[in-house]
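First comes the structure, then the notes that go with it.
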Amino acid sequence: MPVTDLLERNCKLYSEEVALVELNPLVQDTRKTTWKEYDLVQQTSAEPYRREITWGVFDEKANRVANMLLERGIQKGDRVAILMFNCLEWLPIYFGILKTGAIAVPFNFRFSADEIQYCADLAQVHILFFGPEFIGRIESIEDELSNGRLLIYVGDGCPTFAECYRELVADCSSQAPLVRLEDEDDAAIYFSSGTTGFPKAILHNHESLLQAAQMEQKHHLTNRNDVFLCIPPLYHTGAKFHWMGSLCAGSRAVLLKGTTPEIILDAISKEHCTIVWLLVPWAQDILTALDRGDIHLEDYELDQWRLMHIGAQPVPPSLIRHWKQYFPKHLYDTNYGLSESTGPGCVHLGIENIHKVGAIGVPGYRWKCKIVNESGNELPPGSVGELCVKGPGVMSCYYNDPEATAEALKDGWLFTGDMAMMDEDGFYFLVDRKKDVIVSGGENIYPVQIENFLSTHDKIQDVAVIGLPDARLGEIAGAVIALKEGMECTEDEINEFCRKLPRYKRPKRIIFAEVPRNATGKIEKPALRRKYGAEHLVEQQNMG
């Protein structure tokens, strides 16, 4: 069953119920609060910018997008890209693309103009929807980008080199197009995060998308009364497929713009959110604000908030222990996944397994896992090796890249590139990215272990451990440390704290600096290695 069937079911059963809310506390609302028509009536309001859409209108808009694309010649298997910030138009456009049988291709909103061009060429995109924030980037490559491609602008004040979305869809039919979709049909291309190089184009079929929706609903017991708070960008598989639990349940979701502790807690309170997916930095910011007394839980209505879950990067166990001190009644889940496995959930802790905090968990709904050595042979519990996963959410391939596909997919197993181990109870523990493992004097050092240890220091806000080149040992561990606001700390203090670690695991260099993370919370370690690796080499040469 294609995932578009869930939208059509919700339209029939819950047509007048709210499906999505767009909330931007940073902008005053000068529009209507409902998205019933395309021309929005102006009104004066002191409230934050807020719009909402029902399931019936959601499906209608998706149908109009689909029929517009079909009129423009889009056929099954064609590629249609989306380059937009989270907004009410995002998901109807995505589902409109799916309803035509075309392949939806979300673009990372952090892409530079060159990366937009690169990914449009790599995915062989036919049409690109883009928002007002990207006019400058698109205009700078317009000659090359628009060569054989239709550019559709979603917003006010359409630039001359694009066509206006609102005008294109206004007169299109709101009836579902007569396009038959099968589980095996290609559905979406997602790009790898690019933290290990240029993005790869990851192709998924409709079975993958449905698996993600059903898995999310099952893992977190999402029901009709739940309200999901979605903060991360919808271009990413994490946000999209966590939201699809709401699609599966027919329940409401809130698209929130803004990540300060005050904005997040205020949205949870006013929108009565019950399920919230946070990235590690946002959770840490909330805890820091609570510790400092900058915010007070009694100022918000939070009793309905039942589940907080985290994914996209390793989660320090100390953070969750700290969280439970403030929110003792919260259910908690950790979600592990990759864009190649339809995002989060192929391994998850499970809300019933909080006693195993520190593990990424057990195989998710309809998934299998194993740990293998360099030869691909399965390893016993307690051994560190590469994590492999297998299930109905595994990608079809890397689009137009058979060599990379053959390296990642073997006998239906996806080789994740992550080092992990399984304990005697069947729980998997993430050790590190295969490419991030530091080999120092013949010893394997796993940065995540050191990061988890350092995160327990009460002055440290964020930390990244990377390998730095060393003439004698090959590599040494360097710790890039971001301190909490107002805190002061010295290298000697960190070195003394690290005496609790085995000698070979102790960072040999301490760097106090910001820890860069991408839009989905992953630490940008290649950028750190490039910057501090070069600096370290120069220092070694000067000392020599």
Pairing residues for Val362 by the side-chain contact (heavy atoms from CB on, under 4.5 Å) criterion, not counting sequence neighbours: Phe427
Residue list, side chain to side chain donor-acceptor pair (under 3.5 Å) with Glu493, at least two apart or on another chain: Lys459
Residues in salt bridge (Lys or Arg N to Asp or Glu O under 4.0 Å) contact with Asp285, at least two apart in sequence or another chain: none
Partner residues of Thr274 under the side chain to side chain donor-acceptor pair (under 3.5 Å) criterion, sequence neighbours left out: Asp226
Any residue meeting ring-ring contact (aromatic ring centres under 6.0 Å, His included) with Tyr153, in chain and number order, not counting sequence neighbours: Phe130
Arg50 bridged to Glu52 by N-O distance under 4.0 Å: yes
Those residues that, when tested against Cys11, pass side-chain contact (heavy atoms from CB on, under 4.5 Å) (two or more places apart): Asp59
Those residues that, when tested against His220, pass ring-ring contact (aromatic ring centres under 6.0 Å, His included) (two or more places apart): His309
With sequence neighbours excluded, residues passing side-chain contact (heavy atoms from CB on, under 4.5 Å) with Ala283: Leu278, Ile310, Leu319, Trp323
Residues forming a ring-ring contact (aromatic ring centres under 6.0 Å, His included) with Phe58, sequence neighbours excluded: Trp55, Phe95
Any residue meeting side-chain contact (heavy atoms from CB on, under 4.5 Å) with Thr237, in chain and number order, not counting sequence neighbours: Tyr190, Phe241, Ser339
Salt bridge Arg110-Glu115, side-chain N to carboxylate O under 4.0 Å: no
Any pair counted as salt bridge (Lys or Arg N to Asp or Glu O under 4.0 Å), so long as it reaches residues 321-340, sequence neighbours left out: none
Test ring-ring contact (aromatic ring centres under 6.0 Å, His included) applied to His219 - qualifying residues, sequence neighbours left out: His348
